[in-house]
Amino acid sequence: DAGVIQSPRHEVTEMGQEVTLRCKPISGHNSLFWYRQTMMRGLELLIYFNNNVPIDDSGMPEDRFSAKMPNASFSTLKIQPSEPRDSAVYFCASTLNGWGLGNTDTQYFGPGTRLTVL
Amino acid sequence: AQSVTQLDSHVSVSEGTPVLLRCNYSSSYSPSLFWYVQHPNKGLQLLLKYTSAATLVKGINGFEAEFKKSETSFHLTKPSAHMSDAAEYFCVGGYQKVTFGTGTKLQVIP
């Protein structure tokens, strides 16, 4: 298996531009997670999907951030408009089953997208 | 409510000496607990996982962790550090929600 695939690996953009990050989870996995990692705040869970449905988006910082999962093999995280404080590494992870009451599967992480907003 | 606390932000050991990375958890229920490792500019990789089957969990690369309910701890250990162990380590817990610790950076001195 190719593992979790993220694209692009690096993105440099200017403030105010729209940014779209992409993730392909491991085939057969039913849950997908988006994380943001910065030096200041560490690793933060942004949003979590189970069977393509957003379950917990309480970590999404503000309305400029949106995430979709149109099918089981693809998800996007969009920032519009982007700001310099959005600069971070964004990770996608997937699990075979979801996280929920008594069910805590291993998360498999992608390599991340390093976003720089100038 | 649940939380995971990594007690040290940085740990420095000499090559060949034991490694101890500390993690305490707080949960109303028996949580699942994980240790992940992140090498520079890489994604996170699972080291080991505890799910109540056995309190001593063996992971990859010689790491192991022991779940101690009385101490609410899940410390990560390795008998002998190798240069390649230098990385950041995350303790992760969850029952209903994923909770990441703040990470411990391990430095291995030759």
Side-chain angles (χ1 to χ4, degrees), chain A residues 1-7 9-10 21 23-26 29 31-50 54-59 88-116, chain B residues 1-10 21 23 25-54 57-60 63 65 67 74 87-106:
Chain A
D1 198 315
V4 176
I5 298 172
Q6 290 186 247
S7 65
R9 293 293 308 277
H10 301 272
L21 311 181
C23 176
K24 178 177 166 52
I26 292 174
H29 280 197
S31 295
L32 183 140
F33 304 74
W34 281 102
Y35 291 90
R36 177 173 66 177
Q37 186 178 40
T38 61
M39 290 290 290
M40 293 297 292
R41 300 170 71 97
L43 203 61
E44 303 171 277
L45 177 65
L46 299 177
I47 187 169
Y48 149 43
F49 293 87
N50 195 26
I55 303 299
D56 182 358
D57 64 355
S58 58
V89 180
Y90 290 82
F91 288 103
C92 176
S94 69
T95 65
L96 184 60
N97 298 298
W99 278 62
L101 199 63
N103 182 16
T104 47
D105 265 1
T106 300
Q107 295 187 36
Y108 294 87
F109 283 78
T113 294
R114 183 174 295 277
L115 173 65
T116 303
Chain B
Q2 60 183 44
S3 66
V4 171
T5 303
Q6 290 185 246
L7 300 170
D8 307 293
S9 59
H10 289 83
L21 306 182
C23 174
Y25 72 90
S26 168
S27 174
S28 302
Y29 304 94
S30 292
S32 290
L33 294 163
F34 306 76
W35 275 98
Y36 283 82
V37 60
Q38 184 180 28
H39 287 94
N41 300 314
K42 300 283 188 186
L44 280 75
Q45 179 187 16
L46 179 70
L47 272 181
L48 50 81
K49 172 182 178 181
Y50 164 77
T51 54
S52 75
V57 184
K58 292 190 185 298
I60 61 171
F63 284 94
F67 175 74
F74 190 58
E88 188 160 18
Y89 292 80
F90 291 91
C91 181
V92 182
Y95 185 74
Q96 290 177 290
K97 215 173 163 171
V98 182
T99 304
F100 274 74
T102 50
T104 299
K105 285 199 170 99
L106 176 65

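In what follows, every heavy atom counts, from backbone to side chain, and hydrogens, waters and symmetry copies are set aside. So you know, we letter chains A, B, ... as the sequences are listed, proteins then strands, and number each from 1.
For chain A, the nearby parts of B:L44 are the backbone and the side chain; heavy atoms of each come within less than 4.5 Å. Only the side chain of A:Q37 comes within contact range of chain B, judged by heavy atoms closer than 4.5 Å. Neither the backbone nor the side chain of A:T113 comes within contact range of chain B; no heavy atoms are under 4.5 Å apart.
For the atom pair CZ of B:F34 and OG1 of A:T106, the computed distance is 5.0 Å after rounding to the nearest 0.5 Å.
Residues satisfying the salt bridge (charged side-chain N to carboxylate O under 4.0 Å, His left out) test with A:D57, not counting sequence neighbours, are none. For B:K42, there are no salt bridge (charged side-chain N to carboxylate O under 4.0 Å, His left out) partners two or more places apart in sequence or in a different chain.
With contacts defined as side-chain heavy-atom distances shorter than 4.5 Å, the pair A:R114/B:N41 qualifies. For the pair B:Q38 and A:F109, the minimum side-chain heavy-atom distance is 4.5 Å or more.
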